[in-house]
**Student:** 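Provided herewith is a single structure, encoded as structure tokens, for subsequent inquiry.
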Amino acid sequence: MLCIRGSRLWRCPSARSRLLSAPMNTALTSSVRCRFAPSPTGNVHIGNIRTAIYNWLVARHHGGKFLLRIEDTDRERSTPEAVQGVLNAMDWLGLTIDEEPVYQSTRREAHLAMAEQLLASGHAYKEDKGNTGRGEAVIFRMPGEDMGFDDLVKGPLRKAAADLKDFVIVRSDGNPVFHLSNVADDIAMNINLVIRGDDHVENTYRHLALYQALGAPLPSFAHLPMIVNHQGKPYSKRDGDAYVGDFQAKGYLPEALFNFLVLLGWSPGDDREFLSREELVALFDLDRVGSNPAQFDLVKFENLNGQYMRALPDSDYKTQFTACLAEAGLIPDDDAYLDRVIPLLKERIKKWPDTAEQAHYFFSDHFSFDEKAVRKRLQREGALENLLALREAFAALPDFTATALDEALRNLAEQQGAKPADFIHPVRVAVTGQAGGPSLFELLEVLGRDRVLDRMAKAKETVASLNPSE
RNA sequence: GCCCCCAUCGUCUAGAGGCCUAGGACGCCAGGUUCUCAUCCUGGUAACACGGGUUCGAAUCCCGUUGGGGGUGCCA
């Protein structure tokens, strides 16, 4: 027997075993309702948020709804801070929700009522396992037949009745268990597509049985492979290097992280990797989601982030750039100056926090010197003399422009039978304190005559103040 | 233990029996551009876990092994 999933053919389990959920003839449509259901017991990490992103993308792609449910029933571990963390992460990444968030902790009575209903209909029973004295728990009775469902990313899955055991839905202390609450809320929220982590595949049989017992319509399921850490283990609450909040704090761009995370487990099928949000909404669908776990490669991500930085519209770039300067206590002289500085730096700042360090010398005379560079370029024999000679040549220039500066320097070098580089490097260090940076002559022009000449004159003190070792 | 899932360069991946002497990206190496760093351009390095099948033909299908992951009545 063959059935259709997307455009692919799949061998289906024998028709004899009841196939639950019916996604093979339920194409995803604009009526799709999916949700992100995090438990706020720690920081949101990239594995969590990637699940949220896929849910959001599917909803947007099909014109359906994307909802949020905070599963905060674990009162010991759920904190308001963690809830806020989830909200912040989603907001930062632009994961807009279409209805008010549901807080699971407010639905306890409904969950318990559902357990009563199952008890009444004979789908559940009470038992004190091993007479522990803890009281009776409510146990759900599995149907006792083979079950299967067609996972939207993993294909057809099935399980023998013998491997499907009864399970607790209400603890002996009277608290509902995850399975009950989760299904009860999904039913209440009319969720018809559940996209969640791979760690829930085995739970799906239980959930499906619950839907059946309750007579509720069955949703479709899609289980996403995990994102694993460098040890190849799924990210846990303990993996401190993968929190979404940290990416935000470190100055990475949300669009870059969004783009990168989507690519961890999905690809458009061609060679594109730099995809705008609009393109992703248009292209993304579950049928191209892979089924093997992925590792987050920070280096590759930083490359993508750099591409986003360079592609940023000028106005956005300027706003952020200015904010970074302000944070470091640097105030641009004027807007026109800022507009001339930015193009020089734009392609070499890889993430926002690097801004102040790389731009410092443009906005203040109190910048630090790279000792290695000073030693190599200014403490050389004759370096200071060259510098002063060059300063005179620069000072004599009627126009302090890049081309004029360039010409003056090369002329002087030629006169002295030296290489242009012998002058270029010392000037750079004297004027910027750094070994590398933007094109020297443009940099000098933008910096302006006064600053440049002043700093060149001070080079001698600078060298002395650094108290040369060796 | 039992059940389920997964397996292509170091990493993310393309691949739906012949288009694959396996393509792209990041990284790395070499070269180019340049005053440096960055950007950019060119070239190179590197993979179908293993063993059996099926087939004229397999990275692609089947079985097994190994490895990894998940689940397994009171975590979510």
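Each chain gets a letter, A, B and so on, in the order the sequences are listed, and its residues count up from 1. Here the structure is a predicted model, which means the values were calculated and not measured.
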**Student:** Look at the side chain of Gln295(A) and decide which nucleotide, out of A76(B), U11(B), C40(B), has an atom nearest to it.
**Tutor:**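 Nearest listed nucleotide: U11(B).
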**Student:** Which residue pairs satisfy the side chain to side chain donor-acceptor pair (under 3.5 Å) criterion with at least one member in residues 301-314 of chain A, sequence neighbours excluded?
**Tutor:**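 Every side chain to side chain donor-acceptor pair (under 3.5 Å) pair that includes a residue of residues 301-314 of chain A, provided the two are not neighbours, is Tyr252(A)-Glu302(A), Asn259(A)-Tyr308(A), Asn303(A)-Gln307(A), Asp314(A)-Lys346(A).
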**Student:** Taking the same atom, C1', in C41(B) and in U54(B), what whole-Å distance lies between them?
**Tutor:**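 Those two atoms are separated by 48 Å.
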**Student:** With both distances kept under 3.5 Å, what pairs with G1(B), Watson-Crick or G-U wobble?
**Tutor:**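 Partner of G1(B): U72(B).
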**Student:** Quick check against the 3.5 Å criterion: does Asp146(A) have a side-chain atom that pairs as donor or acceptor with the backbone of Arg158(A)?
**Tutor:**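 Not at all, since once roles are kept as given, no pair shorter than 3.5 Å links the two residues.
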**Student:** Using atom C1' of each nucleotide, how far apart are G67(B) and U8(B) to the nearest Å?
**Tutor:**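 It works out to 16 Å between them.
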**Student:** Picking from A76(B), C74(B), C3(B), which would you name as closest to the side chain of Lys159(A)?
**Tutor:**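 Output: C3(B).
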**Student:** Both Ile139(A) and Gly290(A) contact RNA chain B. Taking the nearest nucleotide for each, which residue is further toward the 5' end?
**Tutor:**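 Its nearest nucleotide lies further toward 5', so the answer is Gly290(A).
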**Student:** Please compare Gly265(A) and Arg206(A) by the position of their nearest nucleotide in RNA chain B and report the one closer to 5'.
**Tutor:**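 The 5'-side residue here is Gly265(A).
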**Student:** Tell me whether the OP1 or OP2 atom of C75(B) has a side-chain N or O from Arg171(A) closer than 4.0 Å.
**Tutor:**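 Checking Arg171(A) against C75(B): at least one side-chain N or O falls below 4.0 Å of OP1 or OP2.
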**Student:** Scan nucleotides 24-31 of chain B nucleotide by nucleotide, 5' to 3', and note B when protein non-hydrogen atoms come under 4.0 Å of the base, S if they reach only the sugar-phosphate, - if neither.
**Tutor:** BBSS----
**Student:** Are OP1 or OP2 of A14(B) and a side-chain N or O of Ser267(A) less than 4.0 angstrom apart?
**Tutor:**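 Yes, because at least one side-chain N or O of Ser267(A) sits under 4.0 Å from OP1 or OP2 of A14(B).
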**Student:** Can you check whether Arg410(A) has a side-chain N or O nearer than 4.0 Å to OP1 or OP2 of C35(B)?
**Tutor:**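 Looking at the OP1 and OP2 atoms of C35(B), one of them is under 4.0 Å from a side-chain N or O of Arg410(A).
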**Student:** Between G68(B) and G32(B), how many Å separate the two P atoms, rounded to a whole number?
**Tutor:**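 Comparing P positions in G68(B) and G32(B) gives a spacing of 46 Å.
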**Student:** Name the closest nucleotide to the Asn203(A) side chain, picking from C5(B), A14(B), G71(B).
**Tutor:**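 Taking heavy atoms from C-beta onward, the closest nucleotide is G71(B).
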